[in-house]
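Note on naming: letters A, B, ... go to the chains in the order of the sequence lines (proteins, then strands), and numbering restarts at 1 for each one. Any value given below was found using the heavy atoms of this structure, including those in side chains, with hydrogens, waters and symmetry copies removed.
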Protein chains: 2
Amino acid sequence: MSDARNTDHKSGRVRSHIERLIDDGLQPHDKLPTERQFADELGVSRMTVRHALNALEEERRVYRVHGSGTFVAEPTIDKTIRLTSFTEDMIERGMKPSTRVVDVGTEFAGAAVGSKLSLSPAAEIARIRRVRLADGAPVCLETVHLDASRVHGLLDRELTGSLYDLLASRYGTVVSRAEQRIGATVLEPADAELLDVAAFSAALVVERRTIDQHQRPVEFTRSLYRADRYSFLIDIER
Amino acid sequence: MSDARNTDHKSGRVRSHIERLIDDGLQPHDKLPTERQFADELGVSRMTVRHALNALEEERRVYRVHGSGTFVAEPTIDKTIRLTSFTEDMIERGMKPSTRVVDVGTEFAGAAVGSKLSLSPAAEIARIRRVRLADGAPVCLETVHLDASRVHGLLDRELTGSLYDLLASRYGTVVSRAEQRIGATVLEPADAELLDVAAFSAALVVERRTIDQHQRPVEFTRSLYRADRYSFLIDIER
DNA sequence: CAGTGGTCTAGACCACTAT
DNA sequence: TAGTGGTCTAGACCACTGT
């Protein structure tokens, strides 16, 4: 729980201290010390304590009741959906990820992909099709589209690992956020075979547009997930 | 854009002022005035300006670059997924929502539903099955499970409107957040008929557990959405 | 280097909850 | 009414970005 980042600032240290308190025996709905008590005890201002508690509240470790106090939250059933790579995602789910490259190539962006990547329809696109596996069984068939002019030589590299890592280390492109559309479909026979399921089985369709640190679109990816092996968990609030 | 809530506090007024600035002609990636300029101009402290900007940053109206400035963000493709009722959701998508109640009744919770609602498997459950329509066409078949002891008389009421409104006005239960699992399936013939599509069509399966203001589970609902009429948009960040 | 956002202080008063 | 979190002030210094 204690990030290295937590020690960079006072609020991070306050945060770590409160997390330790929670982990060391407090139960859900137990009352935490007041903000003023934390401030006195730790020798910081109340605003700094509030900053730490705001972060913990956002992550659902605590909840507040105005006029009453701050309390330990119930653990959520599962983690909120986050922007993780397939690799990280599978490791977190306790499975061993691997990848098989189906084919790669370049092509014109076309209207649909071009608009998603803010490129001309005539722009050159690098396309990568991969099957992602968990514990050796196919889970997902993904087709990645990238602006070819921004990833020279990418298609000649080893593409079985995390694409995000490659983009960051080789091309200085850091992913900051993504917009996803999640829908459902039934699998065409050819796609079903790649995923090792019967034709016309149910699948989740995920279309993802990834944005980098400069607010520019990086990739547009369409993924088909086997419905029997995958679902999304989302935590939303009013 | 200008909520009534925005005028309750200074930071809300600051927020409205900045939103108006953005809407009145600023383009994405245009630089906003500095935090200190806003503070001087509006006669508030810089912390108050930061509070307003934090909220706008969280909603992706602006983004900050440390050492450089605060900028207008690009409009996102679509709204982030939020905890809205079907009714609100459809109105926002520009469609007219309606509801047809298929059947209602009471039953034992059983292991699966009981655990989702933190109830004994022998507890009494109120079950409501409804088809939700948009512009007259079926979109979703939902089965709601509620702790019967907390919603006396609910099943005798008019159930074609927003259940959340009914829970709030009649039972003092305010929904604060929800955990959702999104998967895919193909429709059984009986369900397909209720949704007016061919048997074995693709559908999204959404299992939702709603939590109230006291962190107690309120409802557990399983919904089947027609894949040809519905998808989820999600904005995620690193 | 000047200017920006990021963090922090030591107070103050308000709004809400319990008793 | 006492105690809590919510908001706000008027400063200060730090970390980072540009020129």
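- For the ring-ring contact (aromatic ring centres under 6.0 Å, His included) test, residues two or more places apart in sequence or in another chain that qualify with F71(A) are Y63(A).
- Regarding E57(A), its CD atom lies at a distance of 10 Å from the C1' atom of dG5(D), rounded to whole Å.
- Per the geometry, CZ belonging to R50(A) stands 19 Å off P belonging to dG6(C), to the nearest Å.
- Taking R222(A) as the reference, E207(A) meet the salt bridge (charged side-chain N to carboxylate O under 4.0 Å, His left out) condition, with sequence neighbours excluded.
- In this structure, the CD atom of E35(A) is 11 Å from the P atom of dT7(D), given to the nearest Å.
- Using modelled atom types, one finds a donor on one side chain and an acceptor on the other under 3.5 Å when comparing Y164(B) with E219(B).
- Phosphate proximity of dT4(C) to T70(B): absent, as no side-chain N or O sits under 4.0 Å from OP1 or OP2.
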Show the atom names and distances, to 0.1 Å, of all donor-acceptor pairs under 3.5 Å that link a side chain in residues 48-56 of chain A to residues at least two apart or in another chain.
from, atom 1, to, atom 2, distance (Å)
T48(A), OG1, S45(A), OG, 3.3
R50(A), NH1, E35(A), OE1, 3.3
R50(A), NH1, E35(A), OE2, 2.9
N54(A), OD1, R64(A), NH1, 2.6
N54(A), OD1, R64(A), NH2, 3.3
N54(A), ND2, R50(A), O, 3.3

Can you build the contact string for nucleotides 9-19 of chain C? Use B for base contact, S for sugar-phosphate-only contact, and - for no protein heavy atom under 4.0 Å. BB-BB-BBB--
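- Here dG5(C) presents its C1' atom at 17 Å from NE2 of H51(B), a figure rounded to the nearest Å.
- To the nearest angstrom, P of dG3(C) lies 11 Å from CD of Q37(B).
- Evaluation of the ring-ring contact (aromatic ring centres under 6.0 Å, His included) rule for H66(B) yields no partner, not counting sequence neighbours.
- When the P atom of dC8(D) is taken as reference, atom CZ of F38(B) falls 16 Å away, rounded to whole Å.
- For dG6(C), the OP1/OP2 oxygens have a side-chain nitrogen or oxygen of R64(B) closer than 4.0 Å.
- Summarising the geometry, the separation between NZ on K31(B) and P on dG18(D) is reported as 11 Å, rounded to the nearest angstrom.
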Side-chain donor-acceptor contacts of residues 151-161 of chain B below 3.5 Å, not counting sequence neighbours, with atom names and distances?
from, atom 1, to, atom 2, distance (Å)
H152(B), NE2, S149(B), O, 3.4
E158(B), OE2, T160(B), OG1, 2.4

